[in-house]
Amino acid sequence: MKGFVFDLDGVLADTAKYHYIAWKRLADEIGIQIDEAFNEQLKGISRQESLERILEYGNKAAFFSKQETAAMAEKKNQQYVELLDELSPEDALPGVREFLASAQQYNIPCTVASASKSAPFILDKLGIREYFAGIVDPADLTKGKPDPEIFIKAAQLMKLKPNEAIGFEDAQAGIDGIKGCGMYAIGLGTSEQLIGADRVIRDLSEVTVEELICL
Ligand code: GL1
Ligand code: MG
């Protein structure tokens with residue numbers, strides 16, 4: 001194994017909860033009740049598509065114009081970015097900083113494959129951006145997760161084939177994308193929630209760069 005690909009929300013940073021809070025507020029305003037179980041289907045999914053899924057779930061997709069949904073997506077993002085205000089280096093999830101520093105020492109490149117447009121901003125706030133050889137720009141994608149495109153692009157940023165890299169994900173859509181291009185998948189969460197992952201861990205403190213590069 002010659003490189004690592006990381007999802008951001010729920011893998012590097014504890015920000016998945018803020019996305020959920022912001023989506024839930026928006027859904028409440030338009031009279032749609034969402035819960036944590038439904039939220040599992042939003043993980044790893046782009047802003048626009050997440051909103052479409054919420055509207056379909058509440059049977060309200062036909063009620064809003066394109067302009068209205070664009071304004072709703074923008075509003076959710078404003079709320080989300082406000083919630084990020086307090087984000088600091090302590091909000092990197094357990095083991096993240098140590099793992100990235102170790103990868104740097106071994107000269108193993110790391111990249112970020114997140115659907116979030118806020119990824120560069122969050123990496124700066126956590127003080128870990130310098131560890132990454134590249135960040136896939138979600139604006140360059142033709143398809144979001146579970147399509148493997150984002151993971152193929154992340155491997156390309158490191159000049160690697162997908163099967164020479166390990167992908168880390170906390171969402172089923174992400175695990176499906178990683179496996180869809182033959183990459184080794186490590187899920188963060190529980191094996192019931194992350195079907196098809198090659199290995200499931202709670203957080204990055206459970207693995208070392210040494211053991212993973214030997215896979
Ligand atoms: C988008 C969605 C979020 C989440 C992330 C991926 O982020 O809005 O709910 O699914 O993608 O983790 P953003 O709005 O920051 O581009
Ligand atoms: Mg995630």
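Side chains are part of it too, since the values below use all heavy atoms of this structure and drop only hydrogens, waters and symmetry mates. Being a predicted model, the structure only gives us computed values, none of them experimental. Counting starts at 1 for both ligands and their atoms, in listed order.
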(request) Carefully, step by step, assess Tyr106 and Phe4 under the rule ring-ring contact (aromatic ring centres under 6.0 Å, His included). (result) CA-CA 12 Å; Tyr106 281 94; Phe4 299 116; 9.7 Å; no

(message) Is it the case that ligand 1 has an N or O less than 3.5 angstrom from some N or O of Lys117?
(response) yes

(message) In this structure, does ligand 1 have an atom that sits under 4.0 Å from one of the heavy atoms of Tyr20?
(response) no

(message) Please determine whether a side-chain nitrogen of the Lys or Arg among Asp198 and Lys179 lies less than 4.0 Å from a carboxylate oxygen of the Asp or Glu.
(response) yes

(message) Out of the candidates Glu206, Glu169, Glu211, only one should pair with Arg199 under the salt bridge (Lys or Arg N to Asp or Glu O under 4.0 Å) rule; please name it.
(response) Glu211

(request) Look up atom CD1 in Ile21 and atom OG1 in Thr15, then write down how far apart they are to the nearest 0.5 Å. (result) 11.0 Å

(request) Establish, from distance only, whether the side-chain atoms of Glu98 and Ser205 form a donor-acceptor pair under 3.5 Å. (result) no

(request) Examine the proximity of ligand 1 to Ile45 and report which part, side chain or backbone, both or neither, has a heavy atom under 4.0 Å away. (result) backbone

(message) Side chain or backbone, does Arg47 bring an N or O within less than 3.5 Å of an N or O on ligand 1?
(response) yes

(request) Report yes if Lys43 has an N/O atom closer than 3.5 Å to an N/O atom of ligand 1; otherwise report no. (result) no

(request) For ligand 1, find out whether one of its N or O atoms is nearer than 3.5 Å to an N or O atom of Lys76. (result) yes

(message) Test of understanding: given a 4.0 Å heavy-atom threshold, classify the contact between Asp7 and ligand 1 as side chain, backbone, both, or neither.
(response) neither

(request) Identify which protein N/O/S atoms are less than 2.8 Å from the Mg ion (ligand 2). (result) Asp7 OD2, Asp9 O, Asp170 OD1

(request) Could you list the residues that satisfy side-chain contact (heavy atoms from CB on, under 4.5 Å) with Ser191, not counting sequence neighbours? (result) Val200

(message) Between Tyr80 and Tyr18, is the ring centroid distance below 6.0 Å?
(response) no

(request) Using a strict cut-off of 4.0 Å, indicate which atoms of ligand 1 neighbour a heavy atom of Gly44. (result) 10 (O)

(request) Around atom 15 (O) of ligand 1, find the nearest protein heavy atom and jot down its residue, atom name and distance. (result) Ser116 OG, 2.6 Å

(message) Per the ring-ring contact (aromatic ring centres under 6.0 Å, His included) rule, what does the pair list look like for residues 48-69, sequence neighbours excluded?
(response) Phe38-Tyr57

(message) Salt bridge or not between Glu40 and Lys43? Use side-chain N to carboxylate O under 4.0 Å.
(response) yes

(request) Check His19 against ligand 1 and report side chain, backbone, both or neither, counting heavy atoms closer than 4.0 Å. (result) side chain

(request) Return a yes/no value for Ser46: is any of its N or O atoms, backbone included, closer than 3.5 angstrom to an N or O of ligand 1? (result) no

(request) Sequence neighbours left out, what passes side-chain contact (heavy atoms from CB on, under 4.5 Å) with Lys159? Give chain and number order. (result) none

(message) Side chains of Lys76 and His19 only: does a donor on one sit below 3.5 Å from an acceptor on the other?
(response) yes

